[in-house]
Amino acid sequence: MKHIVSGIQPTGSLNIGTYLGSIKNFVKLQDQMPEHEFFIFIADLHAITIPKEKQFLRKKIKELAALYIACGLDPNRVNLFIQSEVPAHSQLAYLLQCNSYIGELERMTQYKDKSKKQESVTVGLFSYPTLMAADILLYDAEYVPVGIDQKQHLELTRDIAIRMNNRYNDIFTVPQPLIAEVGAKIQSLTDPDQKMSKSDDLIKSRIDLLDDENIIRKRIRSAVTDSVGTIVYNKEQRAGISNLMTIYSVITGKSFTELEEQYQGCGYKEFKDDLAEVVVGELKPIQERYYDLINSKELDDILDKGRDRAIQVAMKKITKINDRIGLGRKRR
Ligand code: ATP
Ligand code: LTN
């Protein structure tokens, strides 16, 4: 069976950017690709590349696990697990670091952006893409569904896999990114040139999945647009309204042309009022399911089952890789 792998960091509250750009896509794929086995995880090891407070981290790990299921991941279709509970991720990351170069890691734009914002930069933040590559190569993923911002990390993963395949006789499947067309990038509501991010200090810049409906309405009403006043998609020149149209389109499935026709002659207020109801309607059932799950035994059972299956696949792979590299003793 071929594998699909992806993860999200428990670094903050999940917002509609991650949901529309990533989780919604996982849910679609689990139905569209019944012949693949899915490994979806909570990337808690990635989250500590920039140190986090213990209680906060614990809370966000569990919250993310419950939200994955609340958003529609089917635990019977998907192995859902917590990255740090499968030690092979760290083990393989080290082996990949011995096959990666400082120069190629220095070129990663996410590293450049994130390190600029830090007073001191950890080795973990620098080597982050090798841990991500380990997450993927450990399961021989054929496809990796991610947002467009992760494309460069996927390219690096492919480079490392090809390099090690040449050195160690085809040990890895070379993965391909699966990037959703529309919704691949949802922008900030306050600065539509920036991506909507859970680590943005400005809370008004995003809508979190657990936000109250009145907050959602308020955030959309105050979203930055322009002075043109028409509902027309033009990503380059009219980033604000185009971003709102993207959110509308990904949730309802309506194309930009359909939205332009529907809102011909209307102003921003009417469009924003409708969009707010579309978003509230999408998030309501997710929130209900989330509150049922968050303190349930069901959630722990799902994570135990996912972890056990992940460990089974991962350990087999690690043993094989160690053997190819020549670590330890030769197996009888
Ligand atoms: P941060 O905002 O803290 O940098 P992040 O939200 O980019 O983190 P993750 O939560 O790990 O990082 O991202 C999970 C997935 O969601 C990734 O595949 C990422 O590309 C996607 N994603 C995150 N934000 C957006 C967004 N605004 N639009 C579309 N996809 C997104
Ligand atoms: N780096 C990713 C999260 C992530 C991931 C992965 C995605 C960690 N490991 C493996 C896909 C596959 C991010 O910041 N969005």
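First listed ligand is number 1; within each ligand, the first listed atom is number 1. All heavy atoms count here, side chains included; hydrogens, waters and symmetry mates do not.
Atom NZ in Lys185 sits 7.5 Å away from atom NZ in Lys195 (nearest 0.5 Å). Atoms CD1 and OG, from Ile136 and Ser6 in turn, are 7.5 Å apart once rounded to the nearest 0.5 Å. One finds the CZ atom of Arg107 at 12.0 Å from the CD1 atom of Ile102 (value rounded to the nearest 0.5 Å). Atoms CG and SG, from Leu209 and Cys71 in turn, are 5.0 Å apart once rounded to the nearest 0.5 Å. Distance check, rounded to the nearest 0.5 Å: CD of Glu85 to CG of Leu45 gives 10.5 Å. Atom OG in Ser197 sits 12.0 Å away from atom CG in Asp191 (nearest 0.5 Å).
Ligand 1 has no N or O atom lying under 3.5 Å from any N or O atom of Gln150, backbone or side chain. Below 3.5 Å of separation, one finds no N or O of Ile148 facing any N or O of ligand 1. Geometrically, ligand 1 and Gly147 share a nitrogen or oxygen pair separated by less than 3.5 Å. Looking at Gln9 next to ligand 1, an N or O pair under 3.5 Å apart turns up.
Within the listing of ligand 1, atoms 1 (P), 2 (O), 3 (O), 4 (O) sit less than 4.0 angstrom from a heavy atom of Ser199. Heavy-atom proximity to Gly21, at under 4.0 Å, picks out these atoms of ligand 1: 29 (C), 30 (N). Remark: ligand 1 atoms within the under-4.0 Å shell around heavy atoms of Asp149 are 7 (O), 19 (C), 20 (O). Those atoms of ligand 1 that come under 4.0 Å of a heavy atom in Thr11, given as number and element, are 3 (O). Which parts of ligand 1 touch Val146 is read off a 4.0 Å heavy-atom cut-off, strictly below it: atoms 18 (O).
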**OP:** For the pair Asn234 and Ile241, evaluate side chain to side chain contact (heavy atoms under 4.5 Å, CB included) and give the outcome as yes or no after the intermediate values.
**Re:** CA-CA 8 Å; Asn234 182 336; Ile241 186 67; over 6 Å; no
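Using the six-membered ring where Trp is involved, Tyr128 and His153 have ring planes that are tilted, between 30° and 60° apart.
Using a 4.5 Å cut-off between side-chain heavy atoms of Ile, Leu, Val, Met, Phe, Trp and Tyr, with links allowed through other members, Phe56 and Leu67 fall into different hydrophobic clusters.
Considering only residues two or more places apart in sequence or on other chains, Tyr68 meets the ring pair (Phe, Tyr, Trp, His ring centres under 6.0 Å) condition with none of them.
Counting only non-hydrogen atoms, the option in His46, Lys185, Gln194, Lys198 that gets closest to atom 6 (O) of ligand 1 is Lys198. In the candidate list Arg206, Lys195, Met196, Lys195 is nearest to atom 7 (O) of ligand 1, counting heavy atoms.
Residues Tyr139 and His89 place their aromatic rings such that the two centres sit under 6.0 Å apart.
When heavy-atom distances to ligand 1 are checked against a 4.0 Å cut-off, Ser22 comes that close only through its side chain, counted from C-beta outward.
The number of heavy atoms from other shown groups lying within 6.0 Å of NZ (Lys198) is above 12.
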Ligand-protein N/O pairs under 3.5 Å (ligand 2):
residue	atom	partner	partner atom	Å
ligand 2	1 (N)	Tyr128	OH	2.7
ligand 2	1 (N)	Gln150	OE1	3.1
ligand 2	9 (N)	Asp135	OD2	2.6
ligand 2	14 (O)	Gln9	NE2	2.9
ligand 2	14 (O)	Tyr128	OH	2.8
ligand 2	14 (O)	Gln150	NE2	3.4
ligand 2	15 (N)	Gln150	NE2	3.3

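At least one heavy atom of Lys114 sits closer than 4.0 Å to an atom of ligand 1.
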